[in-house]
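Shown next, in structure tokens, is the structure this report addresses.
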Protein chains: 2
Amino acid sequence: MDDAAGRTRTERLAAEIAEAIVTGTLAPGSRLDEQALADQYGVSRTPVREALRQLGTSGLVEVRPRRGAVVAQVTAAQLADLFVAMAEIEATCARLAAQSMSPLERRRLDALHDAMGDLARTDDPASYARANTAFHGAIYAGAHNAVLSDFALSLRRRLQPYREAQFRLEGRLARSHAEHGAVVAAILAGQAVEAHAAMLRHVTLVESSVEGLLAREGVDEGGAARPVVPGTHGGARRQS
Amino acid sequence: MDDAAGRTRTERLAAEIAEAIVTGTLAPGSRLDEQALADQYGVSRTPVREALRQLGTSGLVEVRPRRGAVVAQVTAAQLADLFVAMAEIEATCARLAAQSMSPLERRRLDALHDAMGDLARTDDPASYARANTAFHGAIYAGAHNAVLSDFALSLRRRLQPYREAQFRLEGRLARSHAEHGAVVAAILAGQAVEAHAAMLRHVTLVESSVEGLLAREGVDEGGAARPVVPGTHGGARRQS
DNA sequence: GCACCGGAAATTGCATGCAACACAGCGAGA
DNA sequence: TCTCGCTGTGTTGCATGCAATTTCCGGTGC
């Protein structure tokens with residue numbers, strides 16, 4: 001368990017806290033008490049503070065000067081912005097990928113897409129979700145632009161709690177795979193405009209699918225300031 | 001001078017160091033010694049460390065575990081990535097702005113563009129640069145998407161040292177204004193695709209203009225790992 | 001009953017101190 | 001002469017302690 005691995009405590013803390021937020025263990029809006037976190041992870045407040053600042057700039061937590069940090073509250077409006085931004089960035093990556101992916105990258109993307117077809121047919125949401133991350137990651141990488149791909153990855157992380165549940169929707173896997181098919185076809189053919197459009201459609205559909213889920217969970221979508229709670233994934237343990 | 005203004009030392013430090021980097025006072029690659037910065041600003045190492053971490057996540061400085069922080073070195077390849085990303089994001093914002101700007105926002109954008117015409121004709125690079133920031137900011141805001149506009153602003157900040165010089169190029173102001181004209185026309189007409197294309201063209205032209213400048217300053221553009229130094233703007237003072 | 005105000009507890013912001021690691025310089029051996 | 005290892009110095013990482021601010025809570029006046 002002691003995988004120090006050369007990294008510093010601050011880094012490990014940032015990673016662990018981020019993980020806890022992304023997986024839903026730390027619910028949005030919950031207070032991040034420095035001393036409590038320090039006790040919990042067996043360190044002092046200093047590395048905790050640095051980790052929180054770091055997560056603050058990346059948007060996962062909100063640090064209010066002299067008033068402590070909380071897990072970032074995402075309102076419906078902000079969630080919509082995040083999804084729109086995600087869709088646009090992904091679509092841009094897809095367009096660039098269509099223009100600049102190497103033949104090897106294209107073959108690998110095609111193979112990955114094929115493999116996901118099997119997962120969709122056997123209806124294995126967990127495996128599909130993992131492969132889905134790899135699929136989109138391959139397209140980010142194929143854009144050959146570190147800045148865009150970093151941003152896409154960070155957006156994906158921030159949206160993680162909200163998109164996980166949707167793969168369990170009936171038939172979502174098959175539809176997702178079909179949408180991917182359009183993206184892959186356009187990229188393989190080097191059709192930039194089509195790749196952009198196909199990806200934009202795909203991610204927008206994911207968004208509406210998530211919105212449907214949230215609405216079903218009783219989230220008032222019109223309300224502006226009300227925070228959106230992601231679907232509960234496993235026990236949301238709280239520290240006393 | 002003591003404008004504490006409720007903000008914490010860490011925040012002010014982060015802002016000041018960022019300013020120093022953006023304006024070129026702190027040259028890329030220069031070491032950021034914690035104790036030296038602490039002495040320079042009359043604080044202890046703790047807020048300096050936190051500020052550096054913060055700037056680290058936003059990409060302005062590079063923090064290497066146990067090896068100190070340096071002002072982010074931007075290689076030619078990374079600079080190209082930054083400009084491509086900037087162009088794509090700006091173009092996306094322009095497309096969204098064309099779709100969703102309010103009539104009031106459109107009128108203001110038009111007025112701003114008109115005012116910049118005068119600045120371009122009287123050839124006032126400093127004022128034009130300020131107005132230019134406002135112009136692009138108006139388009140980010142017009143996209144009505146906080147995530148995209150934040151990202152665009154942060155990219156703009158990171159590229160600031162590299163784009164400042166280009167307004168001094170002969171005739172660049174007039175050309176910039178003409179390119180803006182195409183963007184504004186498309187946005188006012190609600191033509192999303194044209195707005196995207198016009199903005200992409202504009203920012204790409206800025207990029208090639210900057211690349212021309214850098215090449216003239218003797219930067220080996222083919223070399224991968226060699227860092228690019230921005231044009232010197234004023235006295236690059238060093239701390240002893 | 002409600003708003004306002006003052007004091008105590010809690011929590012953050014920051015300074016300081018110590019230990020661990022990185023890097024430079026020097027000397028011994030091949 | 002070159003390489004390797006050792007030691008010393010400087011810097012970073014982290015723990016701890018104190019001061020300042022916020023927040024909570026009870027009391028008072030309206």
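Just so you know, these numbers use all the heavy atoms, side chains as well, and skip hydrogens, waters and symmetry mates. Sequence lines set the chain letters: A, B, ... in the order given, protein chains first and strands last, and positions in each chain run from 1.
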Task: B:Leu60, B:Ile21, B:Val70 screened by side-chain contact (heavy atoms from CB on, under 4.5 Å) with B:Leu26, the one that passes - done: B:Ile21

Open item on the list: Is a donor from one side chain sitting under 3.5 angstrom from an acceptor on the other, for A:Gln99 and A:His144?
Closed with: no

- [ ] Quickly work out the A:Leu37 CG to D:dC14 C1' distance and round it to whole Å.
- [x] 16 Å

Open item on the list: B:Glu50 and side-chain contact (heavy atoms from CB on, under 4.5 Å): which single residue from B:Val48, B:Leu52, B:Thr46 fits?
Closed with: B:Thr46

Every protein N/O within reach of nucleotides 5-11 of chain D N/O, cut-off under 3.5 Å:
none

Task: Gap between atoms CD and C1', on A:Gln35 and C:dT12 respectively (whole Å) - done: 11 Å

Open item on the list: In whole Å, I'd like the distance from the CZ atom of A:Arg64 to the C1' atom of C:dT11.
Closed with: 12 Å

- [ ] Grab the CZ-P distance between A:Arg7 and C:dC21 for me, whole Å please.
- [x] 17 Å

Task: Within 6.0 Å of CZ in B:Arg108, more than 12 heavy atoms from elsewhere - done: no

TODO: Taking only heavy atoms on the protein side, list every residue of residues 44-60 of chain A lying under 4.0 Å from any atom of DNA chain D, sorted numerically.
DONE: A:Ser44, A:Arg45, A:Thr46, A:Pro47

Task: B:Gln54 side chain near A:Gln54 side chain, heavy-atom distance below 4.5 Å - done: no

- [ ] Please answer whether the main-chain N or O of B:Met101 pairs with a side-chain N or O of B:Arg106 as donor and acceptor at a distance below 3.5 Å.
- [x] yes

- [ ] Establish, from distance only, whether the side-chain atoms of B:Arg156 and B:Tyr140 form a donor-acceptor pair under 3.5 Å.
- [x] yes

TODO: Could you tell me whether the side chain of B:Glu90 and the main chain of B:Ala87 form a donor-acceptor pair under 3.5 Å?
DONE: no

Task: Distance in angstrom units between A:Arg9 CZ and C:dA19 P, rounded - done: 14 Å

Open item on the list: Below the 4.0 Å mark, does C:dC14 have OP1 or OP2 next to a side-chain nitrogen or oxygen of B:Thr10?
Closed with: yes

Open item on the list: Please report the distance, rounded to the nearest Å, between CZ in B:Arg66 and C1' in D:dT12.
Closed with: 7 Å

